[in-house]
Amino acid sequence: MMQVLFMSLMFVSSFLLQQPQHSVENTATTLCTPIVATSYKYPNNQYQSLQNEDDFYQQINSALYEEYSDASLNIRQKIAFKDIPKAIETFHLKTNLIGKKIDLTQHTFIHPNRQVYFLASFRQTEQETYHKYFIIDAETQTILLGNSLYNPHNRIVP
């Protein structure tokens, strides 16, 4: 009788303690996968060797971007996408432009370490001021962001 009880207990315990069968929802890989997978249109390319900013500027189509003639300041930099706000802020400080900070939170399709070119130009005369900057993807040479500003100096003539 004791043997039958022991065998019954073994059978019931093996049934109760049995591991769940492998299925898609019970695998460790699936359980460790983030709920939202990040897919970038412009993925990380920080380890790719891409041309420097001066070589890039020399070969770029002038219809896409050209520095102002007689510019007071030209900036050419190859930077990570995440560093764009600091580059724009520096450009604004150097040209005495009060501008709002750029917000990149809506640009979730671009990896923060994506290499981009920051090209900026500034020209000032007694009559007018010109500012412009462009952020161009270093790999695809696509314009990602840009801005230009023209400001005439209004003078009151007596």
Side-chain angles (χ1 to χ4, degrees), residues 19-158:
Q19 294 290 328
Q21 295 296 317
H22 290 292
S23 66
V24 173
E25 56 273 345
N26 290 328
T27 60
T29 307
T30 304
L31 294 175
C32 295
T33 304
I35 294 171
V36 177
T38 305
S39 176
Y40 295 105
K41 181 176 179 183
Y42 297 93
N44 186 358
N45 66 357
Q46 69 180 338
Y47 300 113
Q48 288 184 14
S49 178
L50 300 169
Q51 62 184 282
N52 72 41
E53 55 275 9
D54 292 323
D55 292 341
F56 173 75
Y57 179 75
Q58 296 305 321
Q59 62 87 37
I60 196 171
N61 183 342
S62 62
L64 186 63
Y65 176 83
E66 187 173 28
E67 294 171 343
Y68 293 125
S69 60
D70 300 325
S72 306
L73 175 68
N74 290 311
I75 299 174
R76 301 175 192 165
Q77 295 176 321
K78 183 169 61 170
I79 59 175
F81 185 77
K82 66 183 175 189
D83 297 328
I84 289 171
K86 184 67 176 167
I88 293 171
E89 180 182 1
T90 301
F91 176 58
H92 287 170
L93 287 172
K94 288 183 177 184
T95 60
N96 294 322
L97 178 66
I98 299 172
K100 65 180 184 176
K101 285 192 159 202
I102 189 165
D103 180 14
L104 298 180
T105 57
Q106 298 301 314
H107 298 283
T108 57
F109 58 95
I110 304 171
H111 192 281
N113 292 325
R114 181 79 177 183
Q115 295 180 69
V116 296
Y117 296 109
F118 175 72
L119 305 174
S121 192
F122 169 73
R123 179 175 180 238
Q124 184 174 22
T125 67
E126 287 186 28
Q127 296 82 27
E128 52 204 2
T129 304
Y130 299 89
H131 290 84
K132 71 177 170 182
Y133 68 83
F134 286 93
I135 289 86
I136 301 172
D137 182 69
E139 189 176 340
T140 65
Q141 299 184 5
T142 304
I143 294 177
L144 301 173
L145 296 167
N147 193 14
S148 64
L149 177 66
Y150 168 72
N151 185 18
H153 299 289
N154 296 328
R155 293 186 169 199
I156 300 173
V157 180

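Computed from a prediction, not measured in an experiment: that's the story for all the values here.
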Closest non-hydrogen atom pair between [X] and [Y], with its separation:
X: N61; Y: A63; answer: OD1-N, 2.8 Å
X: I79; Y: A87; answer: CD1-CB, 3.9 Å
X: Q124; Y: S72; answer: N-OG, 3.9 Å
X: P85; Y: I102; answer: CA-CG2, 3.6 Å
X: Y40; Y: P112; answer: OH-CD, 4.1 Å
X: F91; Y: L73; answer: CD1-CD2, 4.1 Å

*Please identify each residue that fulfils side-chain hydrogen bond (donor to acceptor under 3.5 Å, both in side chains) with S69, with sequence neighbours left out.*
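With neighbours one apart ignored, the set is empty.
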*Would you find a donor on one side and an acceptor on the other, under 3.5 Å apart, between the side chain of Q115 and the backbone of L50?*
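Side chain of Q115 to backbone of L50, a donor-acceptor pair under 3.5 Å: no, none is there.
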_Tell me if a side-chain donor or acceptor on K78 pairs with a main-chain N or O of F56 at a distance below 3.5 Å._
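Side chain of K78 to backbone of F56, a donor-acceptor pair under 3.5 Å: no, none is there.
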Find the distance between [atom1] ([X]) and [atom2] ([Y]) and round it off to the nearest 0.5 Å.
X: Q77; Y: T90; atom1: CD; atom2: OG1; answer: 7.5 Å
X: K94; Y: E89; atom1: NZ; atom2: CD; answer: 12.0 Å
X: I143; Y: Y117; atom1: CD1; atom2: OH; answer: 14.0 Å
X: D83; Y: F118; atom1: CG; atom2: CZ; answer: 11.5 Å
X: L104; Y: I88; atom1: CG; atom2: CD1; answer: 7.5 Å

Side chains of [X] and [Y] in contact at under 4.5 Å (non-hydrogen atoms):
X: Y42; Y: F109; answer: yes
X: R76; Y: E67; answer: yes
X: K82; Y: N113; answer: yes
X: F122; Y: T129; answer: yes

_Residue Y150 excluded, over 12 heavy atoms near OH under 6.0 Å_ =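 Above 12, so yes.
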_Checking side-chain contact (heavy atoms from CB on, under 4.5 Å) between I136 and each of L145, L119, L144, which is the one that passes?_
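Answer to the side-chain contact (heavy atoms from CB on, under 4.5 Å) test with I136 among L145, L119, L144: L119.
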*Please list all pairs passing the side chain to side chain donor-acceptor pair (under 3.5 Å) test where one or both residues lie in residues 130-146, with sequence neighbours left out.*
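Matches after skipping sequence neighbours: N45-E139, T95-H131, R114-D137, R114-E139, E128-Y130, D137-T140, T140-T142.
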